Amino acid sequence: MMRNSDRAWQLFGASEPYGTVAGSSRYDRAELDAERLREFFEAGAHEIADVFRVIAERLDSGFRPRRALDFGCGVGRMLIPLAARCDEVVGVDVADSMLAEAARNCASLDNVKLLSGDDLLSRVEGKFDLIYSSWVLGHMPAAKGEALVARMAERLNAGGVAVLQFPYAWRVARSRKLMNWARNTIPAVNGLINLASRRSFGYPLMQTNFYSISRLLDIMDEHGCTTAFMRSEPDHKSVLSATAFFYRG
């Protein structure tokens, strides 16, 4: 379970779908009242609005995507604002538990389709004008993520934009890096920390995996996508992360 990111996310979705998506215990079930749920979804709306603002300012002022793909859609936080801007939105996630929650949140939307994900995006049909992935790549091994980035590039229409968030380095002390390594490689260490946090001994650690910026740029370039814009993201305190905007001409 510790090393299988797909199985871990099944458990995360079944136990704390909102807290794990947001990366904050503020949204755990015990704390999740109506106000915090509204706050949770408003954050998604602001994030998508920012994506469209950057695209309009940097790439195409008239960008109006017909089809959008949310890779790693979780409980649907980005699907809802995307559905308001696109004719059709496809949400993909490896965790059926997350998809079930997303289905409840998107029940009133007739232009949202949910699909179970795999390493080949084999259930995803057709191409897209916008592909978005919010930090999902960091939760899977980099080799797997790179292969999926190539698949996403293949699914991008001419004139389309792919927006990918990913971590690329630690920004913590060496002792913190060592602790993370120990939790990832020695099950007993992770188990004891879980018990101290009042979780079950075998509860998996959420993976944080880093990507080579140059490697991701090469993959997209190989598939005809130019790097239109890249920016650093300040939101994650323990890692350095970036958002890359790719354009297929």
Side-chain angles (χ1 to χ4, degrees), residues 1-48 50-51 70-82 91-107 112 114 116-117 132-141 145 165-167 170-172 176 179-180 182-184 187 189-210 233-241 243:
M1 177 71 79
M2 283 180 63
R3 295 174 178 82
N4 188 316
S5 60
D6 291 358
R7 289 180 60 198
W9 277 91
Q10 288 281 7
L11 179 57
F12 295 149
S15 58
E16 292 293 351
Y18 295 89
T20 50
V21 164
S24 171
S25 59
R26 177 176 176 80
Y27 302 104
D28 284 355
R29 291 185 189 276
E31 308 294 332
L32 196 63
D33 57 16
E35 177 61 22
R36 290 195 179 181
L37 193 62
R38 180 192 61 78
E39 177 185 285
F40 175 90
F41 282 105
E42 279 188 354
H46 288 315
E47 187 168 325
I48 293 301
D50 182 61
V51 166
D70 181 6
F71 176 74
C73 65
V75 300
R77 181 160 65 160
M78 308 302 172
L79 290 174
I80 295 170
L82 283 172
V92 174
D93 204 283
V94 297
D96 293 339
S97 52
M98 288 289 188
L99 290 174
E101 196 70 23
R104 286 187 281 271
N105 290 326
C106 298
V112 172
L114 300 173
S116 180
Y132 187 63
S133 182
S134 179
W135 226 82
V136 177
L137 294 172
H139 298 314
M140 65 181 70
Q165 293 184 14
F166 58 92
W170 283 113
R171 65 187 307 175
V172 296
R176 172 71 181 276
M179 177 58 70
N180 190 78
R183 292 187 70 180
N184 271 299
V189 173
N190 188 61
L192 291 173
I193 292 175
N194 280 338
L195 293 178
S197 303
R198 298 183 179 180
R199 286 180 169 157
S200 65
F201 184 87
Y203 196 81
L205 175 67
M206 186 184 295
Q207 292 188 21
T208 300
N209 298 291
F210 299 105
E233 296 293 344
D235 296 339
H236 300 281
K237 295 179 181 180
S238 61
V239 302
L240 296 170
S241 62
T243 299

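Predicted model, so just to flag it, every value in this text is computed and none were measured. Here, residue 1 is the first one in the sequence, and each next residue gets the next number.
Between Arg29 and Pro17, the closest heavy-atom pair is NH2-CD, 3.3 Å. Closest non-hydrogen pair, Gly44 versus Pro81, comes out as O-CG, 3.9 Å. Of all heavy-atom pairs between Glu16 and Asp28, the closest is OE1-CA, 3.1 Å. The minimum heavy-atom distance between Ser133 and Val136, with the atom names listed, is OG-CB, 3.6 Å. The heavy-atom pair separating Asn194 from Phe201 by the smallest distance is ND2-O, 3.2 Å. In terms of heavy-atom proximity, His139 sits nearest to Trp9 at CD2-CZ2, 3.5 Å.
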Set out, in order, the CA-CA distance, both residues' side-chain angles and the distance that settles side chain to side chain contact (heavy atoms under 4.5 Å, CB included) for Leu205 and Ile193, then state yes or no. CA-CA 10 Å; Leu205 175 67; Ile193 292 175; over 6 Å; no
Let me see the working for Asn105 and Arg77 under side chain to side chain contact (heavy atoms under 4.5 Å, CB included), right down to the final yes or no. CA-CA 8 Å; Asn105 290 326; Arg77 181 160 65 160; over 6 Å; no
Using the side chain to side chain contact (heavy atoms under 4.5 Å, CB included) rule, take Leu37 and Tyr18 through it: C-alpha gap first, then chi angles, then the decisive distance, then the call. CA-CA 9 Å; Leu37 193 62; Tyr18 295 89; 3.7 Å; yes
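Put simply, CG on Leu114 and CE on Met98 are 13.0 Å apart, with the number rounded to the nearest 0.5 Å. Of the inter-residue distances, the one linking Asp93 atom CG with Leu99 atom CG reads 5.0 Å to the nearest 0.5 angstrom. From Arg171, atom CZ reaches atom OG of Ser241 across 8.0 Å, with rounding to the nearest 0.5 Å. The OH atom of Tyr132 sits 5.0 Å away from the CD1 atom of Ile48 when rounded to the nearest 0.5 Å.
Considering only heavy atoms from C-beta on, Gln165 comes within 4.5 Å of Ser134 through its side chain. You'll find the side chain of Val75 stays beyond 4.5 Å of the side chain of Tyr27, heavy atoms only. At a threshold of 4.5 Å between non-hydrogen side-chain atoms, the residues Pro141 and Gln207 count as touching. Between Met78 and Val51, the closest side-chain pair of non-hydrogen atoms is not below 4.5 Å.
A donor atom on one side chain and an acceptor atom on the other are found under 3.5 Å apart for Glu233 and Thr243. Counting only N and O atoms by type, the side chains of Tyr203 and Ser197 include no donor and acceptor under 3.5 Å apart.
Ring pair Phe210/Trp170 is perpendicular by interplanar angle, where above 60° counts as perpendicular and below 30° as parallel.
A donor-acceptor pair under 3.5 Å is formed between the side chain of Gln10 and the backbone N or O of Val94. Counting only distance, with no hydrogens or angles, the side chain of Asn209 and the backbone of Met140 share a donor-acceptor pair below 3.5 Å.
Within 6.0 Å of atom CE in Met179, 12 or fewer heavy atoms from other residues, nucleotides or ligands are found, so the atom counts as exposed in its surroundings.
Note on Arg36 versus Glu39: no salt bridge recorded, every NZ/NE/NH1/NH2 to OD/OE distance being 4.0 Å or above.
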